[in-house]
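Single-structure report; data block below.
All chains are named by letter (A, B, ...) in the order of the sequence lines, taking the proteins before the strands, and each is independently numbered beginning at 1.
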Protein chains: 2
Amino acid sequence: MKAAPAEFRALCHRHRLAATHQRQVIYEAVMSLPGHPSPEDIYEKARKSIPSISLATVYKNIRAFLDKGLLQEVSLHHGSLRVDANHDPHHHLVCTRCRSIMDLDEAEMVPPRFRQKLPRGFKVLRISVDVLGICAECASKKARRA
Amino acid sequence: MKAAPAEFRALCHRHRLAATHQRQVIYEAVMSLPGHPSPEDIYEKARKSIPSISLATVYKNIRAFLDKGLLQEVSLHHGSLRVDANHDPHHHLVCTRCRSIMDLDEAEMVPPRFRQKLPRGFKVLRISVDVLGICAECASKKARRA
DNA sequence: TATTAGATAATAACTATTGTCATTCATGAA
DNA sequence: TTCATGAATGACAATAGTTATTATCTAATA
């Protein structure tokens with residue numbers, strides 16, 4: 001066991017997670033990687049510190065971090081392809097609990113505006129807003145664990 | 001062969017797709033299903049008309065429809081889990097061509113606002129904006145097929 | 001020391017998706 | 001209408017991503 005900064009231990013303690021070496025290496029891998037790494041990316045990075053680490057351990061700990069709120073998912077709907085036949089511009093109401101998706105007509109939102117210029121020649125085609133929250137159904141089903 | 005409305009044949013012709021029976025049934029399945037159906041949903045629905053239809057055919061035609069713009073994907077990043085360690089509120093610049101994701105600080109956007117009340121007790125947690133477009137790199141790499 | 005809860009590694013299992021290929025079909029030309 | 005030809009289909013193999021299972025290990029506690 002090496003570094004094990006007190007910060008990480010505190011972070012784990014705060015979230016009721018045991019501060020294991022693997023967990024720390026995985027967490028540091030996430031933090032050190034640019035952009036939004038995939039489990040595979042994280043695995044490759046973590047292997048540099050712990051060559052014997054298992055991909056399943058990476059998955060399991062990512063899930064633990066997500067469940068506890070240390071990390072969040074870039075997109076809630078990555079499990080399966082969903083098609084959208086609605087050609088009218090619209091946004092989505094997404095339930096973070098059951099992952100259901102409802103349409104929200106574009107007219108129901110004030111058009112998004114930027115304060116600054118967008119970076120380096122990015123050419124905007126359209127803007128898609130996900131309103132994340134808890135749908136009425138899920139809300140009525142009692143509160144669950146965080 | 002049954003219905004085969006001229007509309008669908010015209011639609012296909014306009015998009016350079018052969019107007020096959022399966023294709024029509026798949027398209028109608030998408031249109032008739034509520035929300036944002038998955039390939040499996042569409043498959044189940046289509047089987048009611050063509051019990052022998054293959055799941056691969058459903059996938060291939062969904063892809064064809066997406067490529068030709070008859071349908072669109074609910075989310076561009078559904079392939080694999082991506083984690084986000086950025087706890088500062090932010091949005092995303094998503095390239096529809098290479099699917100790269102860049103962060104956009106929340107402060108760079110005017111906070112989204114609703115014009116109307118949200119439906120039936122939906123409790124908003126956060127709002128995630130995807131700015132879809134073409135990144136500078138892709139833009140410089142010539143125009144591709146639609 | 002014995003017990004126990006939680007974590008890991010190996011691997012099996014599962015789900016979503018795509019590729020291969022022989023057969024069949026849609027389309028436009030004759 | 002017939003025909004040639006490329007596109008589409010269906011069966012199935014293959015792959016990627018992810019989760020489940022389980023035996024083992026470890027650290028903390030009784």
Side-chain angles (χ1 to χ4, degrees), chain A residues 1-2 4 8-9 12-13 15-27 29 36-44 46-47 49-68 70-71 73-83 99 145, chain B residues 1-6 8-27 29 36-44 46-47 49-68 70-71 73-83 99 145:
Chain A
M1 207 141 304
K2 45 180 65 171
F8 182 72
R9 322 199 101 244
C12 282
H13 188 256
H15 292 279
R16 321 279 153 96
L17 285 173
T20 68
H21 183 211
Q22 287 76 346
R23 207 161 261 168
Q24 183 177 352
V25 166
I26 290 166
Y27 187 77
H36 300 92
S38 67
E40 199 70 32
D41 296 333
I42 297 164
Y43 176 54
E44 287 309 325
R47 288 176 75 173
S49 299
I50 311 178
S52 68
I53 200 169
S54 151
L55 179 58
T57 297
V58 172
Y59 268 101
K60 200 172 293 177
N61 282 303
I62 290 172
R63 177 131 320 280
F65 290 149
L66 291 174
D67 289 347
K68 300 295 184 173
L70 277 81
L71 298 176
E73 296 182 56
V74 169
S75 166
L76 284 181
H77 13 72
H78 71 272
S80 160
L81 174 65
R82 293 309 177 91
V83 304
R99 309 207 163 194
R145 62 209 72 278
Chain B
M1 209 142 305
K2 45 180 64 171
F8 181 72
R9 322 199 99 242
L11 188 64
C12 282
H13 189 258
R14 224 179 308 136
H15 291 279
R16 320 278 153 98
L17 286 171
T20 69
H21 184 210
Q22 286 81 341
R23 205 160 264 169
Q24 182 176 353
V25 166
I26 291 166
Y27 187 77
H36 300 92
S38 67
E40 198 71 31
D41 296 334
I42 297 163
Y43 176 56
E44 286 310 324
R47 290 176 74 171
S49 297
I50 311 177
S52 68
I53 200 169
S54 151
L55 179 57
T57 297
V58 172
Y59 269 100
K60 283 166 194 166
N61 281 303
I62 291 172
R63 177 131 322 279
F65 291 149
L66 292 175
D67 289 347
K68 301 295 185 175
L70 278 80
L71 298 177
E73 296 182 55
V74 168
S75 166
L76 284 181
H77 15 72
H78 77 275
S80 160
L81 175 64
R82 293 309 176 94
V83 304
R99 307 205 165 197
R145 61 209 71 280

Can you pull every protein N or O that's under 3.5 Å from an N or O on nucleotides 27-29 of chain C?
| residue | atom | partner | partner atom | Å |
| --- | --- | --- | --- | --- |
| C/dT27 | OP1 | B/Ala19 | N | 3.2 |
| C/dT27 | OP2 | B/Arg9 | NH2 | 3.3 |

Under-3.5 Å N/O pairs linking protein and nucleotides 10-14 of chain D:
| residue | atom | partner | partner atom | Å |
| --- | --- | --- | --- | --- |
| D/dG10 | OP1 | B/Gln22 | NE2 | 3.2 |
| D/dG10 | OP2 | B/Ser54 | N | 3.4 |
| D/dG10 | OP2 | B/Thr57 | OG1 | 2.8 |
| D/dG10 | O6 | B/Lys60 | NZ | 3.2 |

Sort me out a list of protein N/O and nucleotides 12-15 of chain C N/O pairs below 3.5 Å, or just none if empty.
none

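Listed here is the closest heavy atom pair of B/Arg23 and B/Ala18: NH1-O, 2.9 Å. Residues A/Leu55 and A/Tyr43 approach most closely at N-CE1, 3.4 Å, considering heavy atoms. Closest approach of B/Val83 and A/Ile42 over heavy atoms only: CG2-CD1, 3.9 Å. A/Val25 and A/Ser49 make their closest contact through CG1-CB, 3.8 Å (heavy atoms, listed as atom of the first residue, atom of the second, distance).
The CD atom of B/Glu44 sits 11.5 Å away from the CD1 atom of B/Ile53 when rounded to the nearest 0.5 Å. Summarising the geometry, atom CD belonging to B/Glu40 is positioned 8.5 Å from atom OG belonging to A/Ser80; distances are rounded to the nearest 0.5 Å. Rounded to the nearest 0.5 Å, atoms OG (A/Ser75) and CG (B/Leu76) are 9.0 Å apart. B/Thr57 OG1 to B/Ile62 CD1: the interatomic distance, rounded to the nearest 0.5 Å, is 11.0 Å. Note that the NE2 atom of A/His36 and the CG atom of A/Asp41 stand 12.0 Å from one another [nearest 0.5 Å]. Taking CD of A/Gln22 as the reference point, atom OG of A/Ser54 lies at 10.0 Å (rounded to 0.5 Å).
Across the protein-nucleic acid pair, A/Leu55 atom CG and D/dA16 atom P stand 13 Å apart, rounded to whole Å. Rounded to whole Å, atom C1' of D/dA7 lies 18 Å from atom NE2 of B/His15. Atom pair B/Glu73:CD and C/dT17:C1' shows a separation of 13 Å (rounding to whole Å applied). Rounded to whole Å, the distance from NE2 on A/His21 to P on C/dA9 is 11 Å. B/Ile62 places its CD1 atom 8 Å from the P atom of C/dT17, with the value rounded to the nearest Å. With rounding to whole Å, A/Leu66 atom CG is found 11 Å from D/dT18 atom P. Between A/Arg23 atom CZ and D/dT26 atom C1' there is a gap of 13 Å when expressed in whole angstrom units.
Using cut-offs of 30° and 60° for the angle between ring planes, the B/Phe8 and B/Tyr27 rings count as tilted.
Taking the side chain as every heavy atom from C-beta outward, B/Arg63 and B/Leu66 approach each other to under 4.5 Å. Between B/Leu17 and B/Asn61, the closest side-chain pair of non-hydrogen atoms is not below 4.5 Å.
When each of B/Arg16 and A/Arg63 is assigned the nucleotide of DNA chain D with its nearest heavy atom, B/Arg16 is the one assigned upstream, toward the 5' end.
For the helix from C/dT1-D/dA30 to C/dA30-D/dT1, the end axes, each set by the C1' atoms of five terminal pairs, are bent relative to each other by 30° (nearest 10°).
Applying a 4.0 Å cut-off to non-hydrogen atoms, the residues of residues 36-43 of chain B that approach DNA chain C are B/Pro39, listed by residue number.
For B/His15, the NE2 atom sits in a packed shell: over 12 heavy atoms of surrounding residues, nucleotides or ligands are nearer than 6.0 Å.
A close approach under 4.0 Å does occur between a side-chain nitrogen or oxygen of A/Tyr59 and OP1 or OP2 of D/dT18.
Applying the side-chain hydrogen bond (donor to acceptor under 3.5 Å, both in side chains) criterion to A/Arg99, with sequence neighbours excluded, gives A/Glu73.
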